[in-house]
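Report on the structure given below.
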There are 2 protein chains.
Amino acid sequence: MDRIEDCYGFLLGKAYQKVWQMEKAALSQYGITPVQFVLLHVLWEKDGQKGVELGSRLRLDGATITGVLDRLEKMGLIERRPDLNDRRTNLIFLTPKGSELEKPLNQVTDAVNKEVISMFSEEEAKMFKSMLTKLGLGQKGHS
Amino acid sequence: MDRIEDCYGFLLGKAYQKVWQMEKAALSQYGITPVQFVLLHVLWEKDGQKGVELGSRLRLDGATITGVLDRLEKMGLIERRPDLNDRRTNLIFLTPKGSELEKPLNQVTDAVNKEVISMFSEEEAKMFKSMLTKLGLGQKGHS
DNA sequence: CACATATTATTTGTATGCAAATAATATGTG
DNA sequence: CACATATTATTTGCATACAAATAATATGTG
């Protein structure tokens, strides 16, 4: 490999960085980061999940989940409640304040997604998503 | 956006994470991280660059460059020398130890790239690189 | 030349991310 | 039931990454 711009790790990193910056800018008015958004998103889908479930879904290390939850809890968007069936575990619940963010945050991130998609043709976008899914999420369904 | 798996930021992050882990594992025998590798790569192309040039090429913040250079310098792979034409600046030079890593590190990262490419057809790989470049590196040439 | 502005590198603070170690609790095997 | 093993969350340490502030030096304008 002669040029670093031919390295997939580098290219993916820079593409990710760009989209991450777009999302960060869009979310900043709510004081939320992209990672905090995706964690909230999983809770909007299903409230009261275990930390290990969130980490599995988001492909994040337990230590990372602990940190993100700490900050969301400090902001008053989620709370940890003891799991009566397993005393090792907390169940993570949205607060009303965390629930209220569902619509506005989805709105701004949808806009970012549309902006990204607009750079490609419909067919390209479909293929792009399929390739990213295959690469990043293993054999779990293509789109 | 109903599912977080339809969010481009999330998909790109997970794909990047996967390739980054592959590179990290491949480079670990040399005690080098993927980011340290790409910085060394730019120096192998042209020795004696300014920090700001490295940051511009790699799309990294000055503070990040300072940190990466600190660690590379501590490992004895690069050294900072004063720029006689501009006393604000250091010029970054490879040490012999840093130069020697060019072949072996390119070898292991080439292998990772081949592994990634092998997941796609030739045409898909070409399109994937083109789309990532367009997204992450702006209007600067598509492969 | 003097002074406002810009550039460069660094420092500090915050937020991911992972590895490894720890502590508490569950689970399985005898 | 007892004990080895596994699971879960957390803590600590390290490595990106960026924003904002700082310090030193260049550059441009008068």
Side-chain angles (χ1 to χ4, degrees), chain A residues 9-10 12-25 27-28 31-40 49-56 58-75 78 80-92 136, chain B residues 9-10 12-25 27-28 31-40 49-56 58-75 77-92 136:
Chain A
F10 180 71
L12 275 164
K14 294 303 118 178
Y16 169 58
Q17 202 176 38
K18 173 70 75 65
V19 176
W20 198 88
Q21 286 298 322
M22 292 165 64
E23 286 189 346
K24 189 182 165 194
L27 291 167
S28 66
I32 299 289
T33 67
V35 173
Q36 291 164 7
F37 164 73
V38 296
L39 197 147
L40 288 173
Q49 297 187 62
K50 298 180 182 182
V52 69
E53 292 175 312
L54 300 173
S56 166
L58 299 177
R59 267 78 167 177
L60 287 177
D61 190 74
T64 303
I65 294 289
T66 295
V68 177
L69 290 177
D70 284 347
R71 286 179 284 276
L72 288 172
E73 193 168 39
K74 192 176 294 178
M75 288 189 279
I78 61 110
R80 292 163 157 107
R81 295 186 208 154
D83 181 350
L84 302 177
N85 299 119
D86 187 340
R87 293 193 302 174
R88 295 169 302 181
T89 304
N90 300 311
L91 298 181
I92 315 300
Chain B
F10 180 72
L12 275 164
K14 294 302 119 178
Y16 169 59
Q17 203 175 39
K18 174 70 76 63
V19 175
W20 198 87
Q21 287 297 326
M22 291 165 66
E23 286 188 348
K24 189 183 166 194
L27 290 167
S28 66
I32 298 289
T33 67
V35 173
Q36 291 164 6
F37 164 73
V38 296
L39 197 148
L40 287 172
Q49 296 185 64
K50 298 179 181 183
V52 69
E53 292 176 312
L54 300 173
S56 166
L58 298 177
R59 266 79 168 178
L60 287 176
D61 191 74
T64 303
I65 294 290
T66 296
V68 177
L69 290 177
D70 283 347
R71 286 178 284 276
L72 288 172
E73 192 168 38
K74 192 177 292 178
M75 288 188 278
L77 302 180
I78 59 110
E79 57 181 24
R80 291 163 159 107
R81 296 186 207 156
D83 181 350
L84 303 178
N85 299 119
D86 186 340
R87 292 194 301 175
R88 295 170 301 182
T89 306
N90 300 311
L91 298 180
I92 315 301

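As the structure is a computational prediction, the values presented were derived from the model and not from experiment. Letters A, B, ... are given to chains in the order of the sequence lines, protein chains preceding strands, and every chain is numbered from 1.
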Subject >> Side-chain donor or acceptor of A/E23 paired with backbone N/O of A/W20 under 3.5 Å >> reply: no
Original post:
Is there a side-chain contact between B/L54 and B/V68, using heavy atoms and a 4.5 Å cut-off?
Top reply: no
Original post:
Could you state the CE-P distance from B/M22 to C/dC18, rounded to the nearest angstrom?
Top reply: 16 Å
**OP:** Please tell me if the side chains of A/N90 and A/R81 come closer than 4.5 Å, counting only heavy atoms from C-beta onward.
**Re:** no
Original post:
Contact class for B/I65 (heavy atom, under 4.0 Å): base, sugar-phosphate, or nothing?
Top reply: nothing
Original post:
Checking B/K24 side chain against B/P34 main chain: does a donor-acceptor pair fall under 3.5 Å?
Top reply: no
Original post:
For DNA chain D, whose closest nucleotide is more 5', that of A/R80 or that of A/K14?
Top reply: A/R80
Subject >> Rounded distance in Å - CD (A/Q21) to C1' (C/dA15) >> reply: 12 Å
Original post:
Where is the tightest heavy-atom contact between B/I32 and B/L40, given as atom of each residue plus distance?
Top reply: CD1-CD1, 4.4 Å
**OP:** List the steps and the verdict of side chain to side chain contact (heavy atoms under 4.5 Å, CB included) for A/I92 and A/Q49.
**Re:** CA-CA 5 Å; A/I92 315 300; A/Q49 297 187 62; 5.7 Å; no
**OP:** Check the pair A/K14, A/Q17 against side chain to side chain donor-acceptor pair (under 3.5 Å), reporting the backbone distance first and the verdict last.
**Re:** CA-CA 5 Å; A/K14 294 303 118 178; A/Q17 202 176 38; 2.9 Å; yes
**OP:** Could you tell me whether B/G62 contacts a base, only the sugar-phosphate backbone, or nothing, with contacts defined as non-hydrogen atoms closer than 4.0 Å?
**Re:** base
**OP:** Please list, by residue number, the residues of residues 83-92 of chain B whose heavy atoms come closer than 4.0 Å to an atom of DNA chain C; answer none if no residue qualifies.
**Re:** B/R88, B/T89, B/N90
Subject >> Nucleotide-level pairing of DNA chain D, given in dot-bracket where Watson-Crick and G-U pairs need both distances under 3.5 Å and | marks other strands >> reply: ||||||||||||||||||||||||||||||
Subject >> Closest-nucleotide ordering on DNA chain D, the 5'-leading residue of A/V52 and A/Q17 >> reply: A/V52
Original post:
Counting distance only, does the side-chain N/O of A/Q21 pair as donor-acceptor with the main-chain N or O of A/K18 below 3.5 Å?
Top reply: no
**OP:** At the 4.0 Å heavy-atom cut-off to chain B, mark where contacts on DNA chain D begin and end, going 5' to 3'.
**Re:** D/dA15 to D/dA26
**OP:** Indicate, with a heavy-atom threshold strictly under 4.0 Å, whether A/T33 touches base, sugar-phosphate, or nothing.
**Re:** sugar-phosphate
**OP:** For A/T33 and A/Q36, indicate whether the former's side chain and the latter's backbone hold a donor-acceptor pair under 3.5 Å.
**Re:** yes
Original post:
Mind checking whether A/R88 and A/V52 have side chains closer than 4.5 Å, heavy atoms only?
Top reply: no
Original post:
Does the B/T66 side chain pair with the main chain of B/G62, one donor and one acceptor, at a distance under 3.5 Å?
Top reply: yes
Subject >> For atom OH of B/Y16 and atom P of C/dC18, their distance in whole Å >> reply: 11 Å
Original post:
Rounded to the nearest Å, what distance is computed from the CZ atom of residue A/F37 to the C1' atom of nucleotide C/dA15?
Top reply: 18 Å
Subject >> Residue whose nearest DNA chain C nucleotide is more 5′ - B/D61 or B/K24 >> reply: B/D61
